[in-house]
Number of protein chains: 2
Amino acid sequence: MKLEEAKQRFVEAWGTLGTNWGINRTMAQIHALLLVTDEPLSTDQIMELLDISRGNANMNLRALIDWGLAERKVKLGERMEYFTGEKDIWKVAVKIIRERRKREIDPLRSTLRDLKMIDDKEQKKEEYKTFVKLLDDIDSYAESLDRVADKLVLTDRSWFFGTLMKLMAK
Amino acid sequence: MKLEEAKQRFVEAWGTLGTNWGINRTMAQIHALLLVTDEPLSTDQIMELLDISRGNANMNLRALIDWGLAERKVKLGERMEYFTGEKDIWKVAVKIIRERRKREIDPLRSTLRDLKMIDDKEQKKEEYKTFVKLLDDIDSYAESLDRVADKLVLTDRSWFFGTLMKLMAK
DNA sequence: CCGTATTTTCAAAATTTAATGAAAGTTTGT
DNA sequence: ACAAACTTTCATTAAATTTTGAAAATACGG
């Protein structure tokens with residue numbers, strides 16, 4: 001396999017994986033393309049390389065910028081915008097964790113909070129207690145996930161690979 | 001809010017959340033319904049309560065059983081099958097982690113392995129080294145995730161809430 | 001076996017999600 | 001202020017996913 005072919009396959013594979021991760025294929029492919037390309041790319045180059053429309057390229061580049069996975073680069077004397085990808089995989093991971101938490105954990109906890117507002121008069125029922133216990137149980141795991149996410153986002157990679165991974169080995 | 005209404009809303013909410021988690025709405029709703037219901041439910045009851053077709057109910061019940069989140073209960077003297085949900089949230093979480101790893105981490109690592117098979121003659125290029133470094137970097141995070149998942153699946157909830165969560169607080 | 005109750009399958013329909021591309025908007029140089 | 005270069009929006013179209021429902025398969029009692 002040649003290098004270019006491998007890169008090509010990486011882009012395709014990242015696109016497919018993105019799908020499993022709840023990220024749309026194009027967004028993941030653009031991200032992968034920026035990851036394997038050292039020089040900044042223009043929208044037109046991205047359209048050409050991935051064979052996608054201008055609208056699609058634009059929307060997904062914007063989404064990547066929102067996530068903090070890509071950034072705009074202005075080239076002196078040029079009007080066209082160029083884009084680069086965050087190359088530091090730890091930072092990429094942190095940004096993905098942050099977004100996933102926002103999409104997955106936050107809405108879960110907020111729903112659980114809402115549901116706990118059940119009428120007082122029902123509180124004697126056994127059934128009521130079981131239900132509230134379920135909500136509390138789920139919330140306590142959600143809270144833990146939240147804490148893990150927080151810690152990962154705030155700490156640095158050496159803590160992760162050192163302290164945490166050492167603990168995992170035991 | 002009445003208990004029944006809260007349960008109803010829990011089912012709906014779990015369905016919506018499932019969507020963010022890459023689980024289809026019906027599967028998540030059936031799961032939620034089984035979580036909040038103590039007695040086993042028949043396919044017909046589930047169809048009725050969630051207003052879905054027999055095919056849909058059947059397929060998603062099967063999927064839940066595959067994930068280990070539901071199980072069949074045979075009632076003595078009855079021909080019809082009944083279903084119950086796993087009520088222990090720790091176990092539910094472990095089963096979800098297991099499935100997500102299968103869908104998300106395993107294919108990632110297998111793709112990375114494939115991509116490392118690049119032609120020898122290219123290996124001198126700077127570009128080659130950068131690319132392989134990227135693959136290795138990604139794989140080392142994937143491996144860590146894998147380790148975390150493994151540990152969580154094998155260990156018990158007291159380790160999780162004790163040792164791990166204490167570490168997170170620091 | 002046969003008939004009935006129940007479950008499973010799967011092609012077609014419905015729904016949801018993503019991509020297109022042309023038009024509208026913006027920025028910049030002159 | 002205009003026009004060219006470029007970016008963004010969004011209604012429409014296309015693709016992917018989910019749901020339906022009727023037919024086929026299976027299980028069971030007599």
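Values reported hereafter were calculated over all heavy atoms of this structure, with side chains retained and with hydrogens, waters and symmetry mates removed. Labels below follow one simple rule: chain letters A, B, ... track the order of the sequence lines, proteins then strands, and each chain is numbered from 1.
- We find that CD of A:Glu48 is positioned 14 Å from P of C:dT20, with the value rounded to whole Å.
- Using a 4.0 Å cut-off on heavy atoms, none of the residues of residues 31-42 of chain A approach DNA chain D.
- Near DNA chain C, meaning a heavy atom under 4.0 Å from it, residues 53-80 of chain A has A:Ser53, A:Gly55, A:Asn56, A:Asn60, A:Arg79 in order of number.
- Rounded to the nearest 0.5 Å, atoms CG (B:Leu3) and CD1 (A:Ile118) are 5.5 Å apart.
- Residue B:Phe83 forms a side-chain contact (heavy atoms from CB on, under 4.5 Å) with just one option from B:Leu61, B:Thr37, B:Leu41, and that option is B:Leu61.
- For A:Asn24, a side-chain nitrogen or oxygen approaches OP1 or OP2 of C:dA19 to under 4.0 Å.
- Toward the 5′ end of DNA chain D lies the nearest nucleotide of A:Asp44, the other residue of the pair B:Arg25 and A:Asp44 mapping further downstream.
- For the pair B:Trp67/B:His31, no side-chain contact is recorded, criterion being any heavy-atom separation below 4.5 Å from C-beta on.
- Remark: B:Thr26 is not in phosphate contact with D:dT18, judged by side-chain N or O atoms under 4.0 Å from OP1 or OP2.
- By the 4.0 Å N-to-carboxylate-O rule, B:Glu12 lies too far from B:Arg9 to be salt-bridged with it.
- For A:Gln45 and D:dC6, the CD to C1' distance is 15 Å, given to the nearest whole Å.
- Checking the phosphate oxygens (OP1, OP2) of D:dC6, no side-chain nitrogen or oxygen of A:Thr43 falls inside 4.0 Å.
- Distance CG/A:Leu64 to OG1/A:Thr84: 11.0 Å, rounded to 0.5 Å.
- For the segment residues 98-106 of chain B, no residue has any heavy atom less than 4.0 angstrom from an atom of DNA chain D.
- For residues 52-64 of chain A, the pairs satisfying salt bridge (charged side-chain N to carboxylate O under 4.0 Å, His left out) are A:Asp44-A:Arg54, with sequence neighbours left out.
- Following rounding to the nearest Å, A:Glu81 (CD) and C:dT28 (P) show an atom-to-atom distance of 10 Å.
- The aromatic rings of A:Phe10 and B:Phe131 sit perpendicular to each other, their planes meeting at more than 60°, with 30° as the lower class boundary.
- Salt bridge status for A:Glu71 with A:Lys95: absent, with no side-chain N to carboxylate O gap under 4.0 Å.
- Every side-chain contact (heavy atoms from CB on, under 4.5 Å) that A:Asp88 has, sequence neighbours left out, goes to A:Glu86, A:Trp90, A:Lys91, A:Arg157.
- Rounding to the nearest 0.5 Å places CD of B:Glu143 at 11.0 Å from CG of B:Asp136.
- In this view, B:Arg101 and B:Ile105, B:Asp106, B:Asp146, B:Ala149, B:Asp150 satisfy the side-chain contact (heavy atoms from CB on, under 4.5 Å) rule, not counting sequence neighbours.
- Taking atom CG of B:Asn20 as the reference point, atom C1' of C:dT16 lies 14 Å away to the nearest angstrom.
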